[in-house]
Structures are given as structure tokens and as C-alpha cells.
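Reckoned from all heavy atoms, side chains included, excluding hydrogens, waters and symmetry mates.
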Amino acid sequence: PAQPKPAAAAAPAASDPFDAEPFSAKAIQGAYDSRFGALQDKAEFQGNERLLPQRYAEKEKKPDQAMSQDYNKTLNLPKTDLPMRGNLPKREPDTLQKWEDEDLYEQMIAKNEGKPKYILHDGPPYANGNIHMGTALNKIIKDIIIRYKNMSGFQAPYVPGYDTHGLPIELKALSSLGDKKAGVSKLELRQICKEFATEHIGVMNEQFKRLGVQGDFENPYLTLRPEFEARQVEIFGEMAKKGYIYKGMKAVYWCPEDRTALAEAEIEYAEDECDSIYVRFKLTDDPNGVLAKHNIPLDKAWIVIWTTTTWTLPANVATCLNPNLEYAFVKIGDAYHIMARELVESTMKGCHIDEYEVLPETVLGSELELMQYQHPFLDRKGLVILGDHVTLEGGTGCVHTAPGHGVEDFEVCVNHYPQVPVVVPVDDAGRLTAEAGEKFAGLKVWDANKVILEHIKESGHLMGVQHITHQYPHCWR
């Protein structure tokens, strides 16, 4: 430890506590206490008030301490009639009214008469309520473009439009009826929707104008007008004459609550819990003689699929393999099960099967094409087909294929296996139909999961169950 300094060499006391080192929080507090704590004359510490603790700063100021200099007079400010305050909530309506009184939009269009036309087609919002941030942003951006084009050598008229058909209007109109909506007929619903949409056209017009948007709001185009509908029919007819219109099917997302198809943008994914199942299908036909070549009896042969949507099993019409993957024969007891060689271990683990034998010989998926199997609970045979979308990322390498429910399933069947039927045993309300089997008809698809699972367990087709969490699509509504 350092020795204490002799008294003669002691440093003189600091004249101000703020000069003390270190300049810590404790030192600052000490400085406050020593400088201001004992002051009696209020005038003495008035000038140091910015440094005072709160208890001193709250003391009353003397009247003679008021600012003596008017600094506004020292600034060279411009002279203007403009008000100091914007006061926009009051002034904006006055400005908008002035534009309307002067017919500013029509003047702008007339002034640009003869210049090249620039047409911005207004993709219309639904006339189903007040505007929101999305529709406001949309209209403001369009207004910026229209103004710019009219000031850049173009004549750019703007005709706003409103979509007065569709589910958003129907849902809003029905919700406005409350308990009365149950007994509404289709014809009555159309009239209610028309009145609802027409009412909100005026509401939205005024709200868009309040944003400062300029356009021909007195004559918007409306999809419910007969002349608009007639033009649609004319164009549709021309497309049909040119062969652009055909009738067919495609797999789409469907909302059983709103009973409507859903676009990709209307789909939201959530993590849902479900039972993933391993199911075996009994092989009935081996047209390529693959089983016989490997001394496997046909009546002992099965093919194994994996799925997270048990309710789609009634729509199974095929099992898809990858033509270039190797498939193994796995003997469990006296039965032989076909699955991808690289997925045997994970499949057996998922099925909680410890005793099994993997035959040394493997075959390519292409060799198994066109085998047939018996559906586990319906009087129908399924076909073994091939597809490049089958991977080793999970499952068994043998993909349960229901073209009535899956996009890839539908495409591979329609494009390459026209003999495979497209079966959709679910109605618009999400209930299984009689085509799914009498035991399951009328069940909501979610309720059908457990019932079907129990049935295939009893019939000996269920090999294993794993309770998992995975992403599942939901309607945004």
C-alpha cells in the first residue's frame, strides 16, 4: 500500500467540489450537497438552477428573472399571409371543397385534350365497407401517378371502379342481417347484396375524395351494371369462339365454412397436431413379375404408405413411387412389405417394430409400375404409378395418392395415368359422402380421422401411428 504523504506536501483543498477526482456519481452528489445545501439567499443560486436537484429547481422564481430579450425580433423572418399553424383537419376540407367547386379534375383533363392518352385501369376494391389502409394506399399511389402523367404531357383520366360481386360482399351483407340470415333465399340474398354494395359505393367515394384523390367519382364503373355485365358476356363469347374456354377439373384449396375456393393468397399456415399413420395396402396384381422373380408370394405382399391426412384415404386411387429410387422387401412375420430402402429404418422405428428382416435384393421403382392393390376398406383397386415428386425426405418412399385432394397427385394422374379416376368423396361443407363408404358418410373430415384410424387398425392395415406437429393450411378468415 502507498505510504501517506507528509502533511507539508498535502495538496491544497479544491476550491470547488466539481474539481475533485474522480468525477463519479458520488462526487457529483457531494458537489450538490456542498454547493447548494447550505445556501440561504435564493438569489445566490438562481443562476445555477440548471444544476440543482429537483427539490431546489421547484423553488419559486423571482419575477425579475423573466427573459428580457425578445429573440423573435432578432430573426429575419419572411413576411407572409400564410398562417403559423397548419390546422389541417379544418383547412383540408376547405381545400377539397374549393377543388370541387372549381371542377379542378375536369379542368385538368380538358387542358390536356389532344395529348397522348394514358389510361390507368382501376383494379376495383370490393364495395363492402369503409376504406382501410390497403385501399387508401392503393388509391393514393394511383392518384400520384395520374397527377404526374397529367403534368408530363399526357391526358390521363381516372375512372374509379367498384367490384360489387363476390364473397366479401356476401359475408358482410349476411352479417348485417344477424339472426335473420338463416331463412334468406338466394334471390333475396342477391337483392340484399346489391343494396349493401350500392350503399357503400357512396361511402367509399366520399372517403377516397377526403384523401384528396381526384377522378370521375360521379361516374364510377360498377360490375353490377347491366352494360358492364353484357360486355363481360361478349368478351367471354369471343374467347369461347377462339377455343380459349374449356371445362375441366383442378385441385384447389376449399373452405368448408364459407364454401368457396381459396386462392394461394388466402391461405395461412399454422402448426397443427395430428396423427401421422403408416398404412399397408395388399397387392393383388404383379404384371411385371417382380414378386415372382424374388420368390415373394403375391398373397403375402404389401406396399406401405404414410400420410398425415387420414380423412383422405377414401379418395386413394394410386400409390406413387420414384422411378429411380431403390425399394426393399421388408419381411415382418410371414408378410413382405415394399418401401424405399433408405427409409426402412425410420419407418420401422415410427411403427415401433423391432423384429424384421430386410431382403438383400432391391428393385428400382420403375420395375414396380402398374402393380395393383386392394383399397383397405372400399371395393376398389389402386394402381402403383411413378412420379419425380417422390423423395426420401420422409415417409416410406411410397406416396398415398388422391388426385381429388392433392395438386401433385392430380397432375401426375391426369397427365400420365388417365386410367386413374379422380375421386372426391367430400362435399362443399367438408363432410364425407357415401362414396367414402357408408361407415364414414356424413362425418366432418376432422371427425373422420379418428373413425377411419380405428377402422384400419381393426382390419389389420394400420402398421403404426406417430403423433406429430406439422404445418397445415387454413383459410385466412
Discussion item. Taking the basic N atoms (NZ, or NE/NH1/NH2) and the acidic carboxylate oxygens, is any pair closer than 4.0 Å for Lys450 and Asp275?
Written reply: no

Item to complete: State, without any angle test, whether Tyr373 and Asn316 hold a side-chain donor-acceptor pair at a distance under 3.5 Å.
Response: yes

Worksheet item: If we ignore angles and hydrogens, is there a donor and acceptor under 3.5 Å between the side chains of His400 and Thr312?
Response: yes

Worksheet entry | With Glu92 via side-chain hydrogen bond (donor to acceptor under 3.5 Å, both in side chains) - residues at least two apart | Arg210

Worksheet item: Between Asp216 and Tyr158, is any side-chain donor less than 3.5 angstrom from a side-chain acceptor?
Response: no

Worksheet item: With a 3.5 Å cut-off and no angle check, do the side chains of Thr396 and Tyr278 form a donor-acceptor pair?
Response: no

Practice prompt. Could you tell me whether the side chains of Glu271 and His470 share a donor-acceptor contact shorter than 3.5 Å?
Written response: no

Discussion item. Can you classify the ring geometry of Phe440 versus Phe377 as parallel (below 30°), tilted (30 to 60°) or perpendicular (above 60°)?
Written reply: perpendicular

Response to the item:
Between Met204 and the options Pro160, Pro125, Pro220, the side-chain contact (heavy atoms from CB on, under 4.5 Å) test singles out Pro125

Worksheet item: Less than 4.0 Å between a side-chain N and a carboxylate O, is that true for Asp299 and Lys282?
Response: no

Worksheet item: Are side-chain N/O atoms of Gln207 and Asn130 paired as donor and acceptor at under 3.5 Å?
Response: yes

Worksheet entry | Residues Lys293 and Glu361 bridged, charged N to O under 4.0 Å | no

Worksheet, complete the sentence: So CG of Leu167 and OH of Tyr126: to nearest 0.5 Å the spacing works out to 7.5 Å

Fill in: Residue of the set Ile140, Leu120, Asn150 for which side-chain contact (heavy atoms from CB on, under 4.5 Å) holds with Ile145
Leu120

Item to complete: Would you please indicate if the ring centroids of His121 and Tyr221 are separated by under 6.0 Å?
Response: yes

Worksheet, complete the sentence: For His294, the ring pair (Phe, Tyr, Trp, His ring centres under 6.0 Å) test, sequence neighbours excluded, returns Phe329

